[in-house]
Number of protein chains: 2
Amino acid sequence: MGDKRRPAAKGKTPATIYDIARITGVNPSTVSRALNQPGRVSASTEQRIREAAADLGYRTNPMARALPTGKTGTLGLLVSDLTNPVYFDLVRGAERIAREHDAMLIFADSQESAELERSTAERLQIAVDGLLLVASRLEDAQIQDLAAAKPIVAVNRPVPGVPSVAPDVRPGMVEALDLLHGLGHRRLAYLAGPEASWMNGMKWVTAHDLAVDRSMSIVEIQTAAPTREGGTDAFAAVMAADATAVLAYNDLVALGLLGACRRHGVDVPRDLSLIGFDDIFGADLSAPALSTVRCSWGDMGSRAVAKLLGAIEGDASGAELNLPTEFVARDSVAAPRP
Amino acid sequence: MGDKRRPAAKGKTPATIYDIARITGVNPSTVSRALNQPGRVSASTEQRIREAAADLGYRTNPMARALPTGKTGTLGLLVSDLTNPVYFDLVRGAERIAREHDAMLIFADSQESAELERSTAERLQIAVDGLLLVASRLEDAQIQDLAAAKPIVAVNRPVPGVPSVAPDVRPGMVEALDLLHGLGHRRLAYLAGPEASWMNGMKWVTAHDLAVDRSMSIVEIQTAAPTREGGTDAFAAVMAADATAVLAYNDLVALGLLGACRRHGVDVPRDLSLIGFDDIFGADLSAPALSTVRCSWGDMGSRAVAKLLGAIEGDASGAELNLPTEFVARDSVAAPRP
DNA sequence: CTGAAAGCGCTTACAG
DNA sequence: CTGAAAGCGCTTACAG
């Protein structure tokens, strides 16, 4: 009976609190309380209700709960380009903490497009309790607008007035530049990332200042994309710059450049020292193994989710969190040819 | 007015169809029709309603819609271990198609645990329209049970009666074994994956049959985990097997073994030929670059989502889809020492 | 073409 | 401690 509007396809309709109420002879509201506000209901009824729930394989319907409460129990994760392996550590870290808190993760890719990012964020926002914006290409004001609607945590970039988690690139870069300087390098090149990336600006400024402090010259070399291909294509420009060492925006472009060097007979590290950024999967696999500046993206992910969960609870600690970086010495750095 | 229960934190309440109805002076049901069933409403009212909606920045609330329709507009993606880079491609492919169809992707990791997989799948199922089970560790019957509740597509493994997408490993392996045989190899080893993995069984059986056909011997060597570490730890066992070539369950274990070989002074490919599986990011980065059998995981992801979307629409083509594999020749294979 | 009503499954003041 | 009611935002027969 009661089989009037069968749910399109297959599947017996899942049990509801009404089913439990009927079986145990209580009001549905009591079922709801028993299941969600332990103590608000007598121990014996709660017991009976729980048993009935287990019998029926009852699962509370998150959609139905979301309506009156406004809480969906899901978090949105919006990254600028899912193609970059660093995000996998991030996603993993985020997923871990989300699971610990019984939250689900919805995620999406904005393909390095600010416009797509904005529209996706808006679409996502209505379905989630909060949003993680990773390596956002939006302007501060746009992010602040979004943050006015629902909690947001910016990852890999600070935004005034919005909680954020980002690496502090300085310590790792200090180590890197000190090493290069000590080895005798004096002419550096910075292989840049996307212009719209806040983090790219940060790395360039830091590298620049650190180089100047140490009386080294440094030039910025553009790439078409922060990918292996972008690095490969920048080979000629790098050669033209006549630097003895290059710092790359990320491991991907570094690896791309490394491949091009090999194909062109440029010996890394003898002819050119190379330092990447991120320590992605595979950075230790290349020949020579890539030296890099590491920041734990897994930590960034878990910290960001924790922060977001806090913000959703009303924890207004809109602070900026910075995670340390460190230099990872491998085989792509050596003294320059005399 | 009407500001009684302000949504906990911040954020103005999003516009609803009631707001639009009030502004345009029509019934909410008409708003709903105008927005979702173009043509069911006069052109002029539809026009006015759309404008009002745009003005208010209206977004339909997916939770609210899910309740009467039973459709959430989201798909679940459950993988056995998010740590494996092959899944990046899969996730990417899945995300692309999902986005094209305005579906959102919720995803979760079962950490190679069948029990965790089952409970997560159940939890997920109530929140999604359909589920993608990737490299499931469940038994056929368990998957069939889940599939009775809501549409499921199994990825990287067939399940009787359940739609699936999986690679056909044969063509790629035939190429690989032919090459090895032609080069003079006669003693092979198969570096295994998880015992609970259907795909591991498939690869072993295929390798075995193909080897026997070609009068080559082959032994199976267990690994503790289908990871780089698992491959590294299997080094001694591989050496003890006295094979001249090893086929690995996946690139991860192959890469792990490759690293161990290097550290122990075993020359790949002169002392030992090595063939991986998957062609993950980084497989071409190692020294020597890893030869491997490739299947496009990106395709698997997009095909699987397309199939799932079809199943949700009631498209009962519960078929099994097999995607071809191919051998990718790189530098880790050579003739055995005489 | 459009309105009024009922219902999706849950939560939560409000009474008692 | 528990019931009855109202409401969350939408959809969809049912009338007209």
Side-chain angles (χ1 to χ4, degrees), chain A residues 2-8 11-49 52-53 56-73 125-127 129, chain B residues 2-8 11-49 52-53 56-73 125-127 129:
Chain A
D3 199 40
K4 33 183 73 163
R5 210 197 298 164
R6 242 174 152 288
K12 36 235 60 164
T13 330
T16 71
I17 57 172
Y18 292 91
D19 298 320
I20 301 178
R22 195 176 335 108
I23 292 186
T24 54
V26 301
N27 189 282
S29 58
T30 302
V31 175
S32 174
R33 287 190 200 99
L35 261 21
N36 302 307
Q37 321 185 33
R40 287 271 283 105
V41 147
S42 83
S44 67
T45 26
E46 179 174 336
Q47 165 81 336
R48 276 166 42 226
I49 289 174
L56 295 173
Y58 171 79
R59 311 258 144 192
T60 124
N61 180 328
M63 269 42 99
R65 169 178 286 171
L67 223 33
T69 63
K71 298 284 179 212
T72 66
Q125 250 187 343
I126 199 162
D129 294 339
Chain B
D3 198 40
K4 34 184 73 162
R5 211 197 299 163
R6 240 173 154 289
K12 36 233 61 167
T13 330
T16 71
I17 57 171
Y18 291 92
D19 298 320
I20 301 179
R22 197 176 334 110
I23 290 186
T24 54
V26 302
N27 190 283
S29 58
T30 302
V31 176
S32 173
R33 287 191 200 99
L35 264 20
N36 304 306
Q37 320 186 33
R40 287 271 283 104
V41 146
S42 83
S44 68
T45 26
E46 178 173 337
Q47 165 82 336
R48 275 165 46 227
I49 288 174
L56 296 173
Y58 172 79
R59 313 257 141 191
T60 124
N61 181 328
M63 269 44 98
R65 168 178 288 169
L67 222 34
T69 62
K71 298 284 180 214
T72 67
Q125 249 185 343
I126 198 161
D129 294 340

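We name chains A, B, ... by the order of the sequence lines, and we start the count at 1 in each one. Keep in mind the model is a prediction, meaning the values are calculated, not measured.
- Of all non-hydrogen atoms in A:A127 and A:T72, the two that sit nearest each other are O-OG1, 3.2 Å.
- With sequence neighbours excluded, the residues forming a side chain to side chain contact (heavy atoms under 4.5 Å, CB included) with B:S29 are B:N27, B:R33, listed by chain and number.
- In this structure, the side chains of A:R59 and A:P14 stay at 4.5 Å or more apart for every pair of heavy atoms.
- Judged as a salt bridge (charged side-chain N to carboxylate O under 4.0 Å, His left out), and not counting sequence neighbours, B:R40 has no contacts.
- Using a 4.0 Å cutoff on non-hydrogen atoms, the parts of residues 37-47 of chain B near DNA chain C are B:G39, B:R40, B:V41, B:S42, B:T45, ordered by number.
- When rounded to the nearest whole Å, the span between CG of B:N61 and P of D:dG9 equals 7 Å.
- In terms of heavy atoms, B:M63 sits closest to A:A66 at CG-CB, 3.3 Å.
- Between B:A52 and B:I20, the shortest heavy-atom contact is CB-CG2, 4.0 Å.
- Of all the residues in residues 25-34 of chain A, A:S29, A:S32, A:R33 reach under 4.0 Å from DNA chain C with at least one non-hydrogen atom.
- Whole-Å rounding puts the B:I49 CD1 to C:dG3 C1' distance at 12 Å.
- The side chain of A:R65 has C:dT11 as its nearest neighbour among D:dT11, C:dT11, D:dG9.
- Atom-to-atom, CD1 of B:I20 to P of D:dT11 comes out at 11 Å; the value is rounded to the nearest Å.
- Checking the phosphate oxygens (OP1, OP2) of D:dT11, no side-chain nitrogen or oxygen of B:Y18 falls inside 4.0 Å.
- Residues satisfying the salt bridge (charged side-chain N to carboxylate O under 4.0 Å, His left out) criterion with B:R22, sequence neighbours excluded, are B:D19.
- In this structure, CE of A:M63 is placed 16 Å from C1' of D:dT11, rounded to the nearest angstrom.
- Atom CD1 in A:I126 sits roughly 11 Å away from atom C1' in D:dC10 (whole-Å rounding).
- Of all the heavy atoms in B:N61 and B:Y58, the pair that sits closest is N-OH, 4.4 Å.
- For the pair B:N36 and D:dT11, the criterion of a side-chain N or O lying under 4.0 Å from OP1 or OP2 is met.
- Between B:R48 atom CZ and C:dT2 atom C1' there is a gap of 12 Å when expressed in whole angstrom units.
- B:R59 places its CZ atom 13 Å from the P atom of D:dC10, with the value rounded to the nearest Å.
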Encoded 5' to 3' (Watson-Crick or G-U under 3.5 Å; [ ] crossing; | other strand), DNA chain D becomes |||.||||||||.|||
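- Distance B:R22 CZ to D:dG9 C1': 13 Å, rounded to the nearest Å.
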